[in-house]
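Order of listing sets the numbers, starting from 1, for every ligand and every atom in it.
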Amino acid sequence: MPTMEHGFIFRDPSEKSREIVKRDVQLLSPSYTRSYGFVMSHGKGAEVWDIDGNYYIDFAAGIAVLATGHAHPKIIDAIRAQAEQYVHIGATDFFCPQQIKLGSKLREITPIHNAAHPEDKMIYFCNSGTEAVEAALKLARYRENRKYIIGFYGGFHGRTMGSLSVTASKAIQREEYSYIPGGVEHVPFPGRAFSERAKQDSWDWGDVVMFIEQFVIKRKLPGDEIAAIIVEPIQGEGGYVLPRDDFFPKLRKLCDKYGILLIVDEIQSGMGRTGKWWAVEYEGVQPDIVCTAKGLGSGFPIGAIITHKDIMGKWVPGAHASTFGGNPVACAAANATIELIESEGLLQHVTDLGDYTLNRLTQFRRDHPSIVRLEGRGLMIGVEFGGAQGQPLSQFRDEVVNQCYLDGLITLGCGSSAMRIAPPLMISRELMEQGLDILERAIAIVEENHAELFEHA
Ligand SMILES: Cc1ncc(COP(=O)(O)O)c(C=O)c1O
């Protein structure tokens with residue numbers, strides 16, 4: 001029987017897990033957003049075990065981080081080999097071969113606007129997603145008179161003050177904090193599902209790029225004072241929301257017209273998660289700055305921005321840096337991650353398995369009214385729940401997530417009423433099928449428990 005303790009649900013058995021959670025809630029910040037009482041013991045690939053011996057399939061990958069899965073021997077070897085040489089040098093002050101190897105590879109695989117050759121690109125290394133965004137924002141504003149940034153509602157870019165200024169995902173993330181940097185204008189994100197409805201109106205109010213030009217630029221912020229537009233190619237924390245098809249090409253044109261830099265936040269969607277190195281590659285445009293982190297180090301903390309040398313080349317010594325940024329062990333893990341994605345053909349695998357998963361869930365959706373939106377690319381798939389009147393069902397979503405956990409599947413919510421399917425990229429078809437069996441059963445159980453939500457008035 002499942003148990004509730006400290007506000008979290010626990011599977012059976014859970015004695016050891018409950019003891020850890022009891023100590024955790026007394027010791028660690030309550031600002032974390034845990035959902036259920038999973039306490040990890042160890043993992044292998046896309047399978048994990050908790051400290052009470054329960055087994056799970058992992059559809060969360062540590063929030064879309066573990067690109068190559070848990071404990072991949074080649075990642076472990078790379079980490080060990082570098083750690084035996086040296087763990088830290090401080091690449092702010094000294095030089096580091098692992099950074100050169102990683103930087104060279106990143107500029108090969110990352111398309112950047114007006115950069116025809118890898119040699120036209122430059123890299124900055126940091127430790128996390130939010131630091132990559134901070135670096136991008138600072139770099140974009142490092143131009144005379146360019147003081148404004150445009151971001152999108154639903155966008156999540158991190159929790160440090162600069163990144164928070166462009167984040168507009170959930171009010172709780174900003175609430176009570178004074179002095180969040182200003183100069184940021186948020187506009188609606190043209191989600192594909194929303195836009196299909198909007199396009200049917202005589203005035204296409206889903207055309208956000210037109211809104212930016214006609215309202216933001218013409219009536220509020222002069223175009224030549226806007227430093228950058230920052231956007232996720234697929235909104236992550238905001239609900240795994242895909243953009244409408246014409247959005248990025250129009251956005252690129254607008255940026256070119258006013259000399260605005262297009263920053264693409266690929267922290268969650270990048271590093272092969274969608275079946276291409278970067279999700280923006282589906283959009284047919286090239287950004288000016290790409291932010292990456294999460295999957296880059298297969299779980300080792302590392303972030304980076306990649307941009308044109310004409311943009312980054314303006315920074316002078318001291319303009320930006322970080323003690324741990326591009327740590328050699330983290331770079332070794334990232335180098336091994338990229339090698340594995342290439343040698344194991346993971347981009348193709350992710351594309352094929354993503355198609356299979358979407359097809360299967362699309363069939364399942366036909367008999368399950370709780371699923372009101374289902375979309376994704378590769379292994380970044382969102383499932384959104386709603387009631388008969390189209391109302392978002394957050395509590396319902398939480399119950400599905402909890403039911404999955406009880407039945408041995410690790411998942412995470414996103415947005416107000418969606419959940420994400422974001423397993424390690426190397427998950428096998430067999431494990432994916434088993435995980436989907438658990439997910440579909442969980443949805444069916446929770447639907448049955450709340451049949452009243454789907455009755456039409
Ligand atoms: C798109 C996006 N940007 C930025 C971040 C922040 O990354 P980090 O938590 O490593 O600071 C996240 C984290 O979820 C993210 O999904």
Which residues pass the ring pair (Phe, Tyr, Trp, His ring centres under 6.0 Å) test with Tyr124, sequence neighbours left out?
Trp315, His320

With distance as the sole criterion, is a donor-acceptor pair present between the side chains of Thr351 and Gln348 under 3.5 Å?
no

Quick one: sort the Phe211 and Phe215 rings into parallel, tilted or perpendicular, breaks at 30° and 60°.
parallel

Sequence neighbours excluded, every pair satisfying salt bridge (Lys or Arg N to Asp or Glu O under 4.0 Å) that has a member inside residues 31-48:
Asp24-Arg34

Starting from the N and O atoms of ligand 1, collect every protein N/O partner closer than 3.5 Å and put each pair on its own line with the distance to 0.1 Å.
unit_1: ligand 1; atom_1: 3 (N); unit_2: Phe156; atom_2: O; d: 3.3
unit_1: ligand 1; atom_1: 3 (N); unit_2: Asp265; atom_2: OD1; d: 3.3
unit_1: ligand 1; atom_1: 3 (N); unit_2: Asp265; atom_2: OD2; d: 2.7
unit_1: ligand 1; atom_1: 10 (O); unit_2: Gly129; atom_2: N; d: 2.8
unit_1: ligand 1; atom_1: 11 (O); unit_2: Thr130; atom_2: N; d: 2.8
unit_1: ligand 1; atom_1: 14 (O); unit_2: Lys294; atom_2: NZ; d: 3.0
unit_1: ligand 1; atom_1: 16 (O); unit_2: Gln268; atom_2: NE2; d: 2.8

Contacts of type salt bridge (Lys or Arg N to Asp or Glu O under 4.0 Å), residue Lys101, not counting sequence neighbours:
Glu339

Check the side chains of Tyr240 and Gln268 for a donor-acceptor pair under 3.5 angstrom, ignoring hydrogens and angles.
yes

